Protein chains: 2
Amino acid sequence: MDKFEPQKVTSVFPKRRQDMFRWDGWGYKDTKFVCQDGNITFVGNRYSICGQRLDNFRDWVVDMFKIDLSKMNLAAEPPTQFPDPVCNKAFLVGLLEAGIEYSEDGMDRTMRCHGQTLTDVESLRKHKYKRIPDIVVWPNCHDQVVQIVELANEHDVVLIPVGGNTSVSLAATTPTIQDRTIAVVDMTQMNRLMWVSETNLTACFEVGIVGQDIERELGKLGFTLGHEPDSHEFSTLGGWIATRASGMKKNRYGNIEDIVVRVKMVTSKGVLEKQFTAPRVSIGPDFDHVIFGSEGTYGIVTEAVVKIRHVPEVRRYESLVFGDFDTGVHFLREVAEQQLQPPSMRLIDNIQFKCGVLLDPAARWYTGFVEGLKHFYLTTVCGFDIDRIVAVTLLFEGDAKSVAHHEQEVYAIAKKYGAIKGGEHNGKKGYMLTFVVAYIRDFAWDMNIVGESFETSIAWDKCISLCANVKACIRRECERRGIKYFAVSSRVTQSYDAGCCVYFYLLFKHLDIPEDSLKLFMEIEEIAREEILACGGTLSHHHGVGKLRSKWYPECVSPVGVGLYKAVKKELDPKNIFAAGNLVREEHQPKEDKP
Amino acid sequence: MDKFEPQKVTSVFPKRRQDMFRWDGWGYKDTKFVCQDGNITFVGNRYSICGQRLDNFRDWVVDMFKIDLSKMNLAAEPPTQFPDPVCNKAFLVGLLEAGIEYSEDGMDRTMRCHGQTLTDVESLRKHKYKRIPDIVVWPNCHDQVVQIVELANEHDVVLIPVGGNTSVSLAATTPTIQDRTIAVVDMTQMNRLMWVSETNLTACFEVGIVGQDIERELGKLGFTLGHEPDSHEFSTLGGWIATRASGMKKNRYGNIEDIVVRVKMVTSKGVLEKQFTAPRVSIGPDFDHVIFGSEGTYGIVTEAVVKIRHVPEVRRYESLVFGDFDTGVHFLREVAEQQLQPPSMRLIDNIQFKCGVLLDPAARWYTGFVEGLKHFYLTTVCGFDIDRIVAVTLLFEGDAKSVAHHEQEVYAIAKKYGAIKGGEHNGKKGYMLTFVVAYIRDFAWDMNIVGESFETSIAWDKCISLCANVKACIRRECERRGIKYFAVSSRVTQSYDAGCCVYFYLLFKHLDIPEDSLKLFMEIEEIAREEILACGGTLSHHHGVGKLRSKWYPECVSPVGVGLYKAVKKELDPKNIFAAGNLVREEHQPKEDKP
């Protein structure tokens with residue numbers, strides 16, 4: 001089974017996204033946390049915890065943040081009035097003549113004016129957007145994108161390519177400073193599987209295809225891509241490329257730059273693409289790496305050839321419990337040192353460990369170890385402190401024999417660090433909860449709890465001090481502001497030979513005016529980011545720079561790097577059609593170009 | 001044992017290279033093939049086949065190419081007169097004031113005016129260089145390189161950075177079109193080990209350090225870099241970065257872009273360097289990939305942080321014999337499909353298989369299988385044709401248990417393809433011979449036999465047809481030119497998920513005027529390269545473009561790619577100080593800018 005005709009895939013995104021997806025937050029409309037009669041339930045049927053009362057979780061939230069569940073914020077109403085569109089008649093005529101679909105509908109435009117930061121969500125809910133795209137365009141193939149880019153250059157229209165609008169860096173958020181018409185180019189309808197090669201284990205996709213659609217379609221043929229970022233349900237291949245995304249199983253499948261064999265980007269100067277499909281070359285600078293991470297500012301990625309793999313015979317989840325966070329880090333490092341990383345291996349700290357248990361409707365294990373034999377075993381035999389223990393969740397893949405061998409090797413290392421097994425259920429649950437976290441974030445916001453995460457990458461030798469310093473910094477900043485009810489937490493989500501990726505989570509409840517809470521959060525996050533950088537951490541492991549972190553871009557890449565960014569920009573897009581305003585601030589761009 | 005003071009390393013290259021290395025070809029002066037009284041011996045004591053008579057090899061050469069061993073070319077004499085240097089007094093004064101060492105000696109300049117193509121060797125031997133560098137400069141640290149680049153910009157001097165001058169793309173060959181002073185920047189004395197981090201498994205080197213020096217110094221500390229290109233004895237870390245090199249053990253250690261964690265390049269606009277040492281980031285385009293492959297045209301790489309590994313407990317060689325080349329390719333592909341690639345795995349075709357045996361002074365195995373029991377076994381029991389069999393050489397590394405497990409898995413696949421084991425001796429010998437091949441090339445040239453190789457990368461599904469077509473093309477072109485005595489051969493040296501790297505070798509004897517033979521070879525190689533590209537192969541897997549292959553650069557990277565190359569060049573080096581003339585031809589640069 002090699003190569004076949006391009007095959008249309010039904011996208012998880014309909015053109016009218018508002019019919020299927022929440023307009024003012026994360027995810028499906030039919031899926032959310034609700035609070036009724038003092039009980040919290042996750043409604044819907046898409047995830048294993050759906051439909052069950054989460055009493056342990058409720059008690060923890062109420063106790064931790066002193067919430068009055070009878071005083072939840074009311075759901076926001078969608079806007080009925082929209083910022084006046086900036087019209088460009090000639091551009092519209094050009095689209096019509098070329099047979100390219102578009103919409104000027106206010107809600108269509110609103111659905112694509114943002115990413116998924118809390119700033120975006122708050123702006124949506126409060127109808128605060130000063131600027132939204134003036135038009136939504138749906139290309140259905142590479143050639144139509146070429147036509148759109150030509151028309152935009154001809155008629156001086158700004159183009160902002162979007163996929164699932166899951167960005168958490170304000171990269172997809174409409175810039176406020178444009179007087180020109182802004183057309184958002186919605187790539188999600190351009191999502192064909194162009195061909196598959198079983199011999200080469202490669203497939204070519206139009207990049208508007210969404211992660212879950214890729215896996216479903218490849219799965220029918222017995223293949224997998226294996227790229228699973230936390231946004232996997234809604235983010236697109238093109239978005240991954242433009243952001244330099246990382247998936248949780250990168251140890252087996254690679255990060256996006258390892259997965260993509262060939263990629264095509266339409267720029268104002270023409271199409272940038274290597275003229276061959278081969279695994280590796282030495283032919284000068286690799287300009288694919290100008291495409292990766294370009295965040296919509298150089299052009300529109302249209303097609304990509306990616307590596308695929310046979311669906312593994314076995315997928316095995318497991319979890320391991322360690323005495324404390326530092327021990328968990330040492331374990332991860334030794335696994336990396338021996339190059340024995342399973343496809344996924346994540347370390348969660350004590351707070352997340354407890355939250356995971358709280359969110360388990362069954363809660364068998366928690367009950368088990370807090371009150372019963374396991375508690376005794378953990379604390380007395382293992383000498384673990386229940387308020388310090390952490391967990392590592394693991395995912396193994398391969399044929400049965402290799403997986404068994406791999407598990408043995410990893411558990412041998414775990415034993416050295418005093419780990420005990422937490423079981424498959426807890427491992428699997430950890431990964432499922434990844435998809436639920438963003439729903440929790442929006443729900444917390446209904447209770448005026450700010451909850452957001454931010455990530456970094458760091459060398460192994462600085463990982464423990466980074467985590468300690470950043471947590472201490474956040475605590476200090478919370479206390480300094482009189483914030484009494486807060487939680488700060490971290491996890492290590494990716495391991496490399498030379499270091500790892502660390503996430504920080506901050507949740508607090510302080511003020512009843514959400515906007516002011518958010519402002520406080522942004523202040524603290526900025527200070528925390530300064531602390532991360534001071535501790536040797538990076539600006540981002542896989543979320544990108546966007547507009548949110550662009551103030552730090554120059555110090556990360558050096559003045560020569562900024563010069564290079566601008567030189568490439570000038571070469572590829574002399575009229576600044578791709579004026580998303582990410583990475584490098586444009587002149588006159590306000591300090592925080594937020595909605 | 002983490003981090004220590006920078007430590008000077010004694011380079012395999014003395015400043016006066018001519019004392020240690022051959023001035024007119026590859027390698028050490030004390031090591032070469034000699035022919036005396038009709039016998040061929042490889043003199044010296046650096047390789048295991050040194051000091052022994054190679055009678056089988058001699059008989060094959062004489063028979064294959066109809067050589068009269070009594071009529072070898074006489075050794076060339078080093079030049080005593082040199083092209084007049086283009087002086088730039090102000091630049092020299094600047095160097096003196098900065099305390100930077102330099103030489104204007106003719107032989108010092110000649111030793112660094114070339115790479116290691118046969119074109120270079122022939123030009124050396126015939127004293128044909130029209131242009132050699134005017135001065136050799138030896139920086140001893142990053143800051144001195146900064147000073148040199150500033151002085152060059154100030155005084156309009158061309159800089160050509162060199163390491164071991166092992167390039168086979170004319171990249172290191174002095175361009176002929178420069179009226180300006182050309183200073184070759186010899187990096188080999190700038191080769192300190194700056195620090196080592198055992199926790200992060202990283203080390204920082206000044207990039208003038210030579211491969212064998214890296215392994216020796218890291219080996220003392222129990223570490224290895226694991227990057228072993230065939231030029232490993234003489235090529236430098238900086239050269240690997242500038243060329244996008246690949247090592248034979250890339251399956252375990254990665255290619256150079258996988259190995260380098262951080263890299264520093266001095267450009268005319270300042271230093272290009274990420275401002276952190278972390279395993280992976282998402283902060284816009286990755287400009288490290290502008291450094292990799294820049295072939296000396298954007299700046300001078302000075303320092304790099306690289307991944308290191310503990311020296312493996314076990315290194316196991318093995319060889320496998322397959323019935324024919326295509327079966328060998330299928331085997332490699334299946335090993336890749338199952339992601340079971342050993343650190344090294346190479347497929348050599350029938351001719352190279354035989355040559356390997358011929359070059360074995362012991363020749364036990366050949367005698368064994370050609371004349372004895374093994375021959376019987378191979379041909380009768382296995383049904384192998386002695387003129388079609390091929391071999392795969394393997395290298396495994398790791399702890400004893402993992403290696404044993406890995407071997408089992410690989411041999412299980414080999415069995416499916418009817419392979420029989422060829423033994424550890426033959427596996428190991430295959431790798432040793434890699435280092436001898438370049439000496440053979442120069443020796444063959446003394447017999448007026450042209451022998452050169454060129455490489456490509458290719459998707460798996462096109463590998464077999466590529467090999468067949470290119471070999472057929474070369475045969476056709478040889479026959480068309482009346483070349484009677486020739487050999488054409490191929491090997492697969494690297495396996496990837498989606499394809500592999502293929503080498504082609506062409507040897508022929510036709511004319512008694514070496515220059516004319518070389519011209520013929522260049523004609524055929526050009527046609528073969530066109531055939532490679534037509535078959536879906538790439539311009540180069542790891543040798544780079546240089547001046548030799550620059551005519552094809554535009555069609556490989558597209559006009560937008562060429563535009564990007566030039567835009568970056570203009571940004572980083574507006575005065576074209578780094579005028580090596582690689583990748584993109586400069587205006588007025590002749591079609592073949594060869595010596």
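As the structure is a computational prediction, the values presented were derived from the model and not from experiment. Chain letters run A, B, ... following the sequence lines, proteins first and then strands; every chain starts at 1.
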Top contributor to chain B interface from [options] [non-hydrogen pairs under 4.5 Å]:
{"options": "A:His541, A:Glu571, A:Gln494", "value": "A:His541"}
{"options": "A:Lys274, A:His310, A:Arg549", "value": "A:His310"}
{"options": "A:His405, A:Lys269, A:Glu555", "value": "A:His405"}
{"options": "A:Asp399, A:Asp288, A:Asn255", "value": "A:Asn255"}
{"options": "A:Gly293, A:Ala567, A:Pro285, A:Ser294", "value": "A:Pro285"}
{"options": "A:Val545, A:Thr243, A:Ile283", "value": "A:Ile283"}

Side chains of [X] and [Y]: is there a donor and an acceptor less than 3.5 Å apart?
{"X": "B:Ser167", "Y": "B:Ser169", "answer": "yes"}
{"X": "A:Thr224", "Y": "A:Arg309", "answer": "no"}
{"X": "B:Asp573", "Y": "B:Ser268", "answer": "yes"}

At a 4.5 Å cut-off on heavy atoms, which part of [X] comes close to chain B: side chain, backbone, both, or neither?
{"X": "A:Ala242", "result": "neither"}
{"X": "A:Cys463", "result": "neither"}
{"X": "A:Ile308", "result": "neither"}
{"X": "A:Val305", "result": "neither"}

Can you tell me how far OH of A:Tyr553 sits from CG of A:Leu583, rounded to the nearest 0.5 angstrom?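 The OH atom of A:Tyr553 is 5.5 Å from CG of A:Leu583, to the nearest 0.5 Å.
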Out of [options], return the one with the most heavy atom pairs under 4.5 angstrom to chain A.
{"options": "B:Ser402, B:Ser457, B:Pro279", "value": "B:Pro279"}
{"options": "B:Glu295, B:Arg244, B:Glu273", "value": "B:Arg244"}
{"options": "B:Gly536, B:Gly537, B:Ala245", "value": "B:Ala245"}
{"options": "B:Thr267, B:Thr297, B:Ile458, B:Leu564", "value": "B:Leu564"}
{"options": "B:Phe287, B:Phe276, B:Phe292", "value": "B:Phe287"}
{"options": "B:Ala498, B:Pro559, B:Ser282, B:Gly546", "value": "B:Ser282"}

For A:Val560 and B:Gly270, which heavy atoms make the closest approach, and how far apart are they? CG2-C, 3.7 Å
Charged N-O contact under 4.0 Å between A:Glu257 and B:Arg280: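 Result for this pair is yes, salt bridge flagged.
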Side chain from CB out, backbone as N, CA, C, O: work out which of these in B:Leu572 comes under 4.5 Å of a heavy atom of chain A, or both, or neither. side chain
For B:Ser558, which atoms come within 4.5 Å of any heavy atom of chain A: side chain, backbone, both, or neither? both
Is B:Lys250 positioned over the aromatic face of B:Tyr496, cation under 6.0 angstrom from the ring centre and no more than 45 degrees off axis?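 Yes, B:Lys250 lies over the aromatic ring of B:Tyr496.
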Aromatic contact, B:Tyr565 with B:Tyr298 (centres under 6.0 Å):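 Ring centres of B:Tyr298 and B:Tyr565 closer than 6.0 Å.
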